[in-house]
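Down below is the structure, laid out as structure tokens.
Lettering follows sequence order; numbering is per chain, from 1. Note that these values count all heavy atoms, side chains included, but never hydrogens, waters or copies made by symmetry.
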Amino acid sequence: MDKRSTNKITLDLSTPQKGKIKVHTKIINDLSSGIYSSPASCIKELINNSYDAEAHIVTIRIKPIQDNIDIIDDGIGMNALDFDKNFTWISKSTKRDEGEYSPKLKRPLIGKIGIGFIAVNEICDELEITSSKLGEAFKFTAKINFKDYFNQSILEETLDIDESQKGIIKAEYDLINEEEDKDQHYTIIRLNGLKEGVKKILDDQLYYNQLVRSSNKDYNKNYFLSMYDLLENHKKQDLRSFSEDNEYVKFIIDLASYIPVEYLDKGPIEWANDKIIDKIVNYHKKLSFKVDLDGIYLKKPIFFTKALKDTSSFLSFDESITMEDGVLLKFKGYFYSQNKILYPREINGISLKIKGIPIAERYGFDTTFMQYPSYINQLFMNWISGEIYIDSGLENAMNIDRSSFRLTHPHYIALQEYVHKLLTSSILPMTMKLYNTGKAKREVVKVNIKEKKINNILKSKKYSIEEIDPKLTLTKKRKRINTNSPIQIVEKNSDNVIVKIDKSFRKSFSKKDWEYLEDIFLIFEMAYSSCKNDAGKLKTLFYQKIAEWQKK
Amino acid sequence: MVVKYKHDSEYKRFIRNQWVQFIKNIVPDFSDGISLITLPSEELQDISLFVNEGLISWAKTETDSYRITKGKVSCFERNQNKFSNIRKKLVNATVEHEIGSYLSVNYHKIMKGNVSIFPADVINLDYDGYLSKNIIPIDEMFSLLFRYQARYQKDFALFITWPMPINKDDESAEFIAKLKKVISDNLNSLIQSSFKQVFTEKHISIEKLNYSDLSIIGIAKLLLNASSISQYQLTKNKYYVYSNDNKRKMMSVLFHYEFIGPEKSSQTLYQEDCPKTLNDIVILGNKNIK
């Protein structure tokens, strides 16, 4: 690992020290590209660092909306030397010296080392960190000043460093070590000097005020009780995507999508009684990692309720593929589909996760389903969502930014082939079945509605409707119906009404128009059959029946 | 909610009751809750007390923390561990580190109105440690508090509680000297004749004052200096000395200040507003608690 800090940091107590945080030139592009311009993308890096430090709970305090955010964890902490080693020289490599797993809990390490500390300079002027390492009787506090270096590229000028090790200075810091209880272990990060745009995003009060002003007049909430409450609120607004919702809600959902927290209770599929999905859920529970954001636990924002049980289905899988290079590509997951377009639109896709973290842009889903051909069953593809947890074999296919894959990597291609085959052979047919079942049900409902409507017009105990085949010869047609009448009441008594409809008339109108016209013609014929050739009475009866029909 | 308070004693309970009565007298309508600045300790004792008395409301959250639903709370805690525990426990309260340095460093922000801590209805400085251990001198802190409150012309209650030193140098020599100087200045001031009269009736000299009298009178005088400069008038005051459950002696003072503005404020006002007879200082234990 090409890592070298030029700061001369020590563990001496009560001696003020100074240092600089520098970033390899190659990484500057990432930082400037805007991928860390949102509060969620910055804060998730800090949370993932806490996870790597074996924290069980991370507490984030944003309120009241002022000038700072506090992030407090109960992880193993670090000392000044750890801080200097891991966070003050951000090289291109994000791999760690200490291996791929945390020391005690054996969590797979997920944080992009050091990036979090620099990424936050997009959202604040200063970061203050205090940490006490387990088993050590001191703590350090470092105040990292970004303000003077923001949007500048000040190259390190130290002469005794190889050019390839020189970096752009992104911040300087003041550090001091102090005494602390040996049993204490924590890290407290305070982001100071939040940028105004960030404060607006985090100000949920604006959101609640907006909801009160909107059509939802009886809305009286001014905070969410839980993640479930937040997602329910989002659903109630009938929005099609997370992106249409308020910035504050987007921030929470974006954040929750990218950290290794649990699913909502009984999630992701509420009615699923499935061993593979249970394995995935239990994996997250065993991680024993919680994030408390202003009094609510963040949970994965993926939840398919049992209200959809009758109109949806799912399929789980647990597979392994031995690649040509001997590497075992092992993965498990599920696909879910339902009998209507999936909202929010962001989860209409596939989420590939490595070490539990999605490798994708915002909200964690690849909406192309790993570049599944768009001309195939595009209608049904809008109804599907899937998650795949990669146990092994795909890490090397990730791009260096850890948010996308190399599409030509053989392991990616192998997974892609599996997914596409599964979609074509199983998921789409499963979805088609839902469609057909749904269609049959919709037809029944439609027929029932129609029958009810007609009964309201005919007001008869019994009625029958016969459609005259347009293929009948004209002569036979003329015998059976008046050619000017698309609908004719053939027989009418107190108990029974027989109606004939000319199909050719029906077909000469659009489906939607005919739905109304059929009713109007029927009303007219009913009025006509009661008027005894009295034009005045016909008019009165007709409009009377129209009025009755309108009320229904 | 039944709360077992730390450092509890019959006398501390009395003091807490005095806080509540004081507040209810000066803030008769607390339907929107009070705005409180406090040094709460991890157990959030005074906040719990005010919740029990309906002055503040809070609701427990999913994560076993508390969300203030009525009123406003701003806390200061210099110990890092305790700071983080308080920050975790209170979802939407302002929590900062040491109060003196915060007030000093953020002067411009606060005076511009960019900080929501001020104005406050109640400022409760219940110190565990010694007054001279503040990062900035206590009189400077008083001065800032009054200036910030005056920006809003806000009447408020101020409670200060502090411990008796156990060892001679627990309180710094500079602090003791400052207390003596302010008393001495008042005794030598021509407009403080009534104070001088009652002081000399009770005491031989400043040097002979015990710590509780010295600190109570000295603090009261320092506050009067700061309050008059910021155009405040003291309208109510109470002074107590008591022991808590571990027999540690504590001093507790309660004040109510009204903003009177430049026309009414004058140096002559404060001569009446400090312990004249020193019998104003109630030593709990010597008297029956009412």
Side-chain angles (χ1 to χ4, degrees), chain A residues 57-74 77 128-132 138-141 178-181 183-190 192-194 196 199 203-205 221-230 264-265 290-299, chain B residues 32-33 35-37 42 44 56-98 101-103 105-120 135:
Chain A
I57 182 146
V58 180
T59 305
I60 304 175
R61 293 286 177 259
I62 291 171
K63 295 192 189 69
I65 306 299
Q66 287 181 140
D67 217 26
N68 48 54
I69 296 174
D70 288 315
I71 301 165
I72 304 165
D73 77 43
D74 61 353
E128 187 176 319
I129 173 170
T130 301
S131 189
S132 177
F138 44 85
K139 64 183 178 192
F140 82 92
T141 298
E178 293 166 298
E179 284 178 355
E180 177 57 286
D181 186 337
D183 293 329
Q184 294 295 332
H185 55 94
Y186 56 79
T187 299
I188 302 169
I189 289 176
R190 174 167 269 203
N192 284 320
L194 292 179
E196 282 307 314
K199 285 193 226 178
D203 191 350
D204 58 339
Q205 202 51 56
K221 229 187 255 291
N222 52 22
Y223 55 87
F224 294 119
L225 297 171
S226 65
M227 191 75 186
Y228 181 82
D229 189 25
L230 182 146
L264 285 163
D265 197 31
K290 287 181 177 336
V291 177
D292 165 359
L293 173 67
D294 286 339
I296 68 169
Y297 283 124
L298 293 183
K299 302 274 174 89
Chain B
D32 289 336
S35 172
L36 169 70
I37 292 176
E42 283 179 282
L44 309 180
I56 290 172
S57 296
W58 64 14
K60 211 163 188 192
T61 70
E62 185 190 24
T63 62
D64 276 343
S65 50
Y66 290 95
R67 185 189 311 279
I68 306 293
T69 52
K70 184 179 89 168
K72 189 171 76 176
V73 174
S74 305
C75 307
F76 291 89
E77 173 53 60
R78 62 195 296 178
N79 177 282
Q80 193 69 272
N81 243 339
K82 291 177 185 176
F83 163 85
S84 70
N85 286 336
I86 294 168
R87 192 73 175 105
K88 285 191 272 189
K89 278 185 188 171
L90 295 175
V91 163
N92 58 343
T94 298
V95 184
E96 297 288 347
H97 293 284
E98 203 275 334
S101 58
Y102 178 86
L103 296 177
V105 162
N106 291 290
Y107 177 84
H108 291 291
K109 254 193 222 169
I110 297 172
M111 289 307 278
K112 276 186 187 168
N114 291 340
V115 165
S116 63
I117 289 172
F118 291 96
I135 289 185

Item checked: Interface moiety of B/Ile68 toward chain A, non-hydrogen atoms closer than 4.5 Å -> neither
Next item on the list: Sort A/Asp181 into side chain, backbone, both or neither according to what part of it lies under 4.5 angstrom from a heavy atom of chain B.
Entry: neither
Check: Atom OG1 of B/Thr63 and atom CD1 of A/Ile296: how far apart are they, to the nearest 0.5 Å?
Finding: 9.0 Å
Check: Does any heavy atom of chain B fall under 4.5 Å from the side chain of A/Ile188, the backbone, both, or neither of them?
Finding: side chain
Notebook entry, point to check: Do you know which of B/Val95, B/Thr61, B/Asn81 has the most heavy-atom pairs with chain A at a distance under 4.5 angstrom?
Noted result: B/Asn81
Margin query: Among residues at least two apart in sequence or on other chains, which ones pass ring-ring contact (aromatic ring centres under 6.0 Å, His included) with B/Phe76?
Written below: B/Tyr102
Margin query: Please classify the contact between B/Lys109 and chain A as side chain, backbone, both or neither, with a heavy-atom cut-off of under 4.5 Å.
Written below: side chain
Next item on the list: Go through the side-chain N and O atoms of A/Glu180 and A/Tyr186 and say whether any donor and acceptor fall under 3.5 Å apart.
Entry: yes
Notebook entry, point to check: Heavy-atom distance under 4.5 Å to chain A: side chain of B/Ser65, backbone, both or neither?
Noted result: side chain
Checklist line | Contacting region of B/Ala59 [heavy-atom separation from chain A under 4.5 Å] | finding: side chain
Notebook entry, point to check: Given that the side chain runs from C-beta out, which part of B/Arg87 has a heavy atom under 4.5 Å from chain A: side chain, backbone, both or neither?
Noted result: both
Check: Taking atom CD1 of A/Ile189 and atom CD1 of A/Ile60, what is their separation to the nearest 0.5 Å?
Finding: 10.5 Å
Checklist line | Heavy-atom side-chain contact between A/Asp292 and B/Lys88 under 4.5 Å | finding: no
Note to self: If the threshold is 4.0 Å, N to carboxylate O, is there a salt bridge linking B/Glu62 and A/Lys290?
What the structure shows: no
